[in-house]
Amino acid sequence: MPELPEVETTRRGIVPWVEGRVIQGITVREPRLRWPVPPGIGERVAGERVHRIRRRGKYLIFELDGGAVLLHLGMSGSLRVNPSGVPPGKHDHVDFLMEGGCCLRLTDPRRFGAVLWAPAPVDAHWLLRDLGLEPLDGEFTGDYLYEHARHRRVSIKDLVMNAKVVVGVGNIYANEALFHAGIRPGIAARRITRARCSRLVEAIKSTLEDAIRAGGTTLRDFVGSDGQPGYFSQQLCVYGRRGEPCRICGSVLKAAKIGQRSSVYCSHCQQ
DNA sequence: CCCAAGACCTGGCGGC
DNA sequence: TGCCGCCAGGTCTTGG
């Protein structure tokens, strides 16, 4: 379920093991991910130092000389640091063998993840170039959201999940942020006032920050990169709580399909 | 350009 | 216990 907080938690977990170290080689057991893992990627990156690991939306970017490895966890991916020599499991598709002997392992049962090479300038890569603002960036404001919302016929939930507007807001945190902002997920974006856009932007920021602080949400198959689960699931107000009482007013939470995705909301607290 | 729906995959769950 | 249909974190692609 990696959304932005899970990806950021993963990034922070692997930085001490990867940043500043040389990649000795890559083992690709299963190249059939969202896009095929490029056949020559091992030769391209072997012997290169990872200068920095940064995040853009839900992409992890390993910056090397002359380009970067782009990594996406899809819907079911996770990255772990293993001591080398741990036998791979069925869904352990790619290993990065690091200087010092540890092994960064990508596990992804559904294979919606990606491992790609992006030549410099990395941000011009076709997967990155059209991405919208980072939600935690100061440029992401109520006015920015309002300008993107005011002529759009899609629901406000679809709009905040649109990566061309703002990155990193997936189904879980869209539901949560709309609850905290008191906005029904199915309302047309064009009907949201500037003031409510501001409230929603603040809710998106605080929800993501709280989730990062908690180490992400634990759902089914996500485990933090250090092998420990995150704790944000204990703070979820609506996601996965259809039929349960609202934590604020006690009303039974309702569910609806919006833009093909399940949405849960409180019909009393959200208007 | 905008929007809705389809596509890619596997695994877990509830129901019978 | 076994099988079947449904559902799930994402997001690119297609067609209207």
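A note on names: the letters A, B, ... follow the listed sequences, proteins ahead of strands, and every chain is numbered from 1.
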Item checked: Summary of side chain to side chain donor-acceptor pair (under 3.5 Å) pairs that have at least one residue in residues 245-258 of chain A, sequence neighbours excluded -> none
Check: Taking only residues at least two apart or on different chains, which pairs with a member in residues 87-111 of chain A satisfy side chain to side chain donor-acceptor pair (under 3.5 Å)?
Finding: A:R29-A:D95, A:S76-A:D108, A:D92-A:T107, A:D95-A:R105
Margin query: Just N and O in the side chain of A:S76: are any of them under 4.0 Å from OP1 or OP2 of C:dA8?
Written below: no
Margin query: If the cut-off is 4.0 Å, is A:K90 near the phosphate of B:dG11, judged by side-chain N/O to OP1 or OP2?
Written below: yes
Note to self: Any residue in residues 110-120 of chain A with a heavy atom nearer than 4.0 angstrom to DNA chain B? Just list them by number, or reply none.
What the structure shows: A:R110, A:R111, A:F112
Margin query: I need the residues from residues 182-189 of chain A with at least one non-hydrogen atom less than 4.0 Å from DNA chain B; give them sorted by number, or say none.
Written below: none
Next item on the list: Compare all side-chain heavy atoms of A:W35 with those of A:L116 and state whether any distance is below 4.5 angstrom.
Entry: yes
Next item on the list: Flag the pair A:V7 / A:H72 as yes when at least one side-chain heavy-atom distance between them is below 4.5 Å, and no otherwise.
Entry: no
Next item on the list: Would you kindly compare A:K164 and A:N171 by the position of their nearest DNA chain C nucleotide and give the one closer to the 5′ end?
Entry: A:N171
In whole Å, I'd like the distance from the [atom1] atom of [X] to the [atom2] atom of [N].
X: A:L33; N: C:dC12; atom1: CG; atom2: C1'; result: 15 Å
X: A:R261; N: C:dC6; atom1: CZ; atom2: P; result: 18 Å
X: A:I258; N: C:dA8; atom1: CD1; atom2: P; result: 13 Å
X: A:K58; N: C:dC12; atom1: NZ; atom2: C1'; result: 13 Å
X: A:M75; N: C:dT11; atom1: CE; atom2: P; result: 10 Å
X: A:R242; N: B:dC13; atom1: CZ; atom2: C1'; result: 13 Å

Check: Nearest to the side chain of A:H72, which nucleotide is it out of C:dG10, B:dG11, C:dA8?
Finding: C:dG10
Check: What string of B, S and - do you get for nucleotides 1-7 of chain B, 5' to 3', when a contact is any protein heavy atom under 4.0 Å?
Finding: --SSS--
Next item on the list: Considering only atom C1', compute the distance from B:dG12 to C:dT11 and round it to an integer number of Å.
Entry: 23 Å
Checklist line | Salt-bridge contact A:R11-A:E8 (side-chain N to carboxylate O under 4.0 Å) | finding: yes
Next item on the list: Taking Watson-Crick and G-U wobble pairs with both distances under 3.5 Å, convert DNA chain C into its dot-bracket string, 5' to 3', dots for unpaired and | for cross-strand pairs.
Entry: .|||||||.|||||||
Notebook entry, point to check: Aromatic ring centroids of A:Y239 and A:F232 under 6.0 Å?
Noted result: no
